[in-house]
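Here's the structure, in structure tokens; my notes come after.
Only this structure's heavy atoms are used, side chains among them; waters, hydrogens and symmetry mates stay out. Sequential numbering from 1 along the given sequence is applied to the chain's residues.
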Amino acid sequence: MRRLCNLEDFEDGRLVALDRAAAPEPAACTPEGQKNPATIQHPADIDSVLALREGARVRMWQNVCPHAGRRLDWAPGRFLRDGDHLVCAHHGAVFELDGGKCVSGPCRGQSLMAIEVDVREGEVWIADPES
């Protein structure tokens, strides 16, 4: 596991896109809507990660719809949300934010690809790409 940022860097309840870093070290997490979204160093085939903080818990998935392989946001870091569901901006697939399962739309029954994340003593850690 590798440290990403502090838990307090995420706004509770907000969906955030973390885009792959060009630099070797990640920046601090930046809430959605600010000019410089956080970046992560992750496997080369993952360009963007979707993160959601709920209290002391953080969930992360690849920011890719399993239906057509497109990003889920309608603009960088801007997501369509309906309560506890995320809606793919391109084809309307609806995903549960609890586990990433598609419950409606063209990829019904499939799930978002989860990213292993751990919160320890107020710090957010993600799986190391080399492990």
Side-chain angles (χ1 to χ4, degrees):
M1 298 292 281
R2 184 177 49 78
R3 184 184 181 283
L4 178 65
C5 61
N6 293 320
L7 179 63
E8 66 189 31
D9 293 333
F10 284 106
E11 184 177 335
D12 198 9
R14 182 166 293 230
L15 293 168
V16 178
L18 307 175
D19 294 324
R20 187 165 37 121
E25 291 299 318
C29 300
T30 303
E32 170 188 341
Q34 293 188 11
K35 290 186 179 184
N36 298 313
T39 55
I40 61 167
Q41 189 70 21
H42 221 66
D45 62 337
I46 300 175
D47 290 326
S48 182
V49 171
L50 166 66
L52 173 65
R53 175 185 172 192
E54 294 175 316
R57 180 179 182 186
V58 175
R59 295 184 185 137
M60 291 186 186
W61 302 273
Q62 289 184 24
N63 186 11
V64 176
C65 181
H67 165 240
R70 296 182 71 174
R71 287 176 65 124
L72 295 157
D73 40 1
W74 58 270
R78 303 283 185 173
F79 296 94
L80 300 174
R81 187 170 179 177
D82 183 12
D84 292 334
H85 294 89
L86 168 67
V87 180
C88 175
H90 300 285
H91 298 108
V94 179
F95 299 89
E96 294 175 332
L97 287 173
D98 185 41
K101 185 176 180 179
C102 182
V103 295
S104 177
C107 56
R108 185 181 190 119
Q110 293 180 297
S111 294
L112 300 175
M113 294 294 294
I115 302 293
E116 184 180 354
V117 61
D118 189 22
V119 178
R120 300 182 227 156
E121 299 178 12
E123 296 180 332
V124 179
W125 295 74
I126 59 171
D128 193 327
E130 286 80 41
S131 59

- request: Would you check, one step at a time, whether the test side chain to side chain contact (heavy atoms under 4.5 Å, CB included) holds for F95 with C107?
  value: CA-CA 9 Å; F95 299 89; C107 56; 3.6 Å; yes
Side chain to side chain contact (heavy atoms under 4.5 Å, CB included), that's the test. Do E54 and D98 meet it? Break it down for me.
CA-CA 10 Å; E54 294 175 316; D98 185 41; 5.7 Å; no
Closest non-hydrogen contact found for A68 with H91 is CB-CE1, 4.0 Å
**Study point:** Note, L4 side chain near L18 side chain (heavy atom, < 4.5 Å)
**Key:** yes
Is the shortest side-chain heavy-atom distance between L7 and V58 below 4.5 Å? yes
Exercise. With a 4.5 Å heavy-atom cut-off, do V124 and D9 have their side chains touching?
Worked result: no
Note: G13 and R81 closest approach over all heavy atoms is O-NH1, 2.5 Å
Those residues at least two apart in sequence (or on a different chain) that pass side chain to side chain contact (heavy atoms under 4.5 Å, CB included) with E123 are R3, N6, W125
For H90, the side-chain hydrogen bond (donor to acceptor under 3.5 Å, both in side chains) test, sequence neighbours excluded, returns R70
Looking only at heavy atoms, the pair that brings M1 and V117 closest together is CE-C, 4.0 Å
Between R108 and C102, the two heavy atoms sitting closest are N-SG, 3.5 Å
Closest non-hydrogen contact found for G83 with L97 is O-CD1, 4.3 Å
In this structure, CG of L112 is separated from CE of M60 (nearest 0.5 Å) by 14.0 Å
Scanning both residues in full, the closest heavy-atom pair of G99 with W61 reads O-NE1, 3.7 Å
query: What about V64 and L15, same hydrophobic cluster or not, with Ile/Leu/Val/Met/Phe/Trp/Tyr joined at side-chain heavy-atom distances under 4.5 Å?
result: no
To the nearest 0.5 Å, atom CZ of F79 lies from atom SG of C88 at 10.5 Å
side-chain hydrogen bond (donor to acceptor under 3.5 Å, both in side chains) filter on D118, not counting sequence neighbours, yields R120
To the nearest 0.5 Å, atom CG of L52 lies from atom CZ of R59 at 6.5 Å
**Prompt:** Do E96 and D84 have side chains that get closer than 4.5 Å, going by heavy atoms?
**Reply:** no
Test side chain to side chain contact (heavy atoms under 4.5 Å, CB included) on L50 and L72; report intermediate values, then the result.
CA-CA 9 Å; L50 166 66; L72 295 157; 4.2 Å; yes
In this structure, CD of E11 is separated from CZ of R53 (nearest 0.5 Å) by 9.5 Å
